[in-house]
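Here is the structure we will look at, set down as structure tokens.
Order of the sequence lines fixes the chain letters, A, B, ..., with proteins taken first and strands second; residue numbering starts at 1 for each chain.
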Amino acid sequence: GQQVMQIPQYQHVQEGEDFTTYCNSSTTLSNIQWYKQRPGGHPVFLIQLVKSGEVKKQKRLTFQFGEAKKNSSLHITATQTTDVGTYFCAGRNSGGYQKVTFGTGTKLQVIP
Amino acid sequence: DVKVTQSSRYLVKRTGEKVFLECVQDMDHENMFWYRQDPGLGLRLIYFSYDVKMKEKGDIPEGYSVSREKKERFSLILESASTNQTSMYLCASSSGSINQPQHFGDGTRLSIL
């Protein structure tokens with residue numbers, strides 16, 4: 001079945017440093033979504049990418065979808081303590097109803 | 001705002017018990033999902049439903065069943081709880097249009113003793 005891996009599993013950064021998490025799928029995706037889960041909270045939708053090579057920005061967050069639609073990345077510029085949490089990607093196969101496969105997640109810790 | 005409500009935040013049950021986890025959403029969403037979340041494994045899909053009385057197996061359905069008798073409610077059933085089912089269980093819903101985001105409940109932390 002489809003597998004979605006994320007690296008790294010954990011990342012500690014000093015406040016102000018940049019952070020990137022990478023998402024890799026074993027199959028081609030029709031789209032990819034990104035979610036953020038704060039400590040003790042539930043995943044919250046951030047953004048969706050659909051087109052090959054698509055790049056979207058949300059303030060300090062930059063999301064990319066690979067040309068082959070098998071990988072994606074989330075880059076945070078100048079991290080802040082509010083960025084702490086676990087970031088998940090979630091990919092949907094073509095024709096897969098509403099089922100998405102979530103990645104393993106990257107837990108970000110920001111040191112003040 | 002979409003509200004997805006899970007019946008219990010914490011639950012402790014014994015091995016062999018039949019366990020019911022309830023989830024209700026208030027946005028008339030067609031799709032509902034049950035995941036379990038374990039450290040290092042991310043969110044793994046147990047079952048999902050895209051309509052009343054319809055259900056589809058996810059990636060790890062063994063030991064679980066589901067019920068969707070009403071559109072707003074999706075129940076997860078552990079037929080005979082085992083210790084390896086100790087986990088955080090998350091319910092989510094989304095509207096019927098493809099590519100719509102999922103909205104999650106706060107989760108139920110289930111411990112099987």
A:Met5, CE atom: more than 12 neighbouring heavy atoms under 6.0 Å
no

One should read off an interatomic distance between B:His103 NE2 and A:His42 NE2, to the nearest 0.5 angstrom, of 10.0 Å

Report whether B:Leu90 and B:Trp34 are members of the same hydrophobic cluster (ILVMFWY, side-chain heavy atoms less than 4.5 Å apart, transitive linking).
no

Greatest number of non-hydrogen atom pairs under 4.5 angstrom with chain B, of A:Gln9, A:Gln33, A:Lys107, falls to A:Gln33

Joint hydrophobic cluster, B:Ile46 plus B:Phe74, side-chain heavy atoms closer than 4.5 Å
yes

Are B:Phe33 and B:Val66 in one and the same hydrophobic cluster, where Ile, Leu, Val, Met, Phe, Trp and Tyr link if side-chain heavy atoms are under 4.5 Å apart?
no

If you count heavy atoms of other groups shown closer than 6.0 angstrom to NZ of A:Lys36, is the number above 12?
yes

A:Pro43 to B:Leu43 - nearest heavy-atom pair and separation:
CG-CD2, 4.1 Å

Shared hydrophobic cluster for B:Ile60 and B:Val19 (ILVMFWY, side-chain gaps under 4.5 Å)
yes

Side chain, backbone, both or neither: which part of A:Tyr35 has a non-hydrogen atom closer than 4.5 Å to chain B?
side chain

Stepwise side chain to side chain contact (heavy atoms under 4.5 Å, CB included) test for A:Phe102 and B:Gln37:
CA-CA 10 Å; A:Phe102 276 79; B:Gln37 183 174 14; over 6 Å; no

Would a hydrophobic clustering, with Ile, Leu, Val, Met, Phe, Trp and Tyr connected at side-chain separations under 4.5 Å, put A:Tyr22 with A:Phe63?
no

Part of A:Gln6 within contact of chain B (heavy atom distance under 4.5 Å):
neither

Tell me whether B:Arg109 at atom CZ has more than 12 heavy atoms from other residues, nucleotides or ligands lying less than 6.0 Å away.
no

Within a radius of less than 6.0 Å around CZ of B:Arg14, do more than 12 heavy atoms belonging to other residues, nucleotides or ligands occur?
no

Using non-hydrogen atoms and a limit below 4.5 Å, what part of residues 81-89 of chain A faces chain B?
A:Phe88

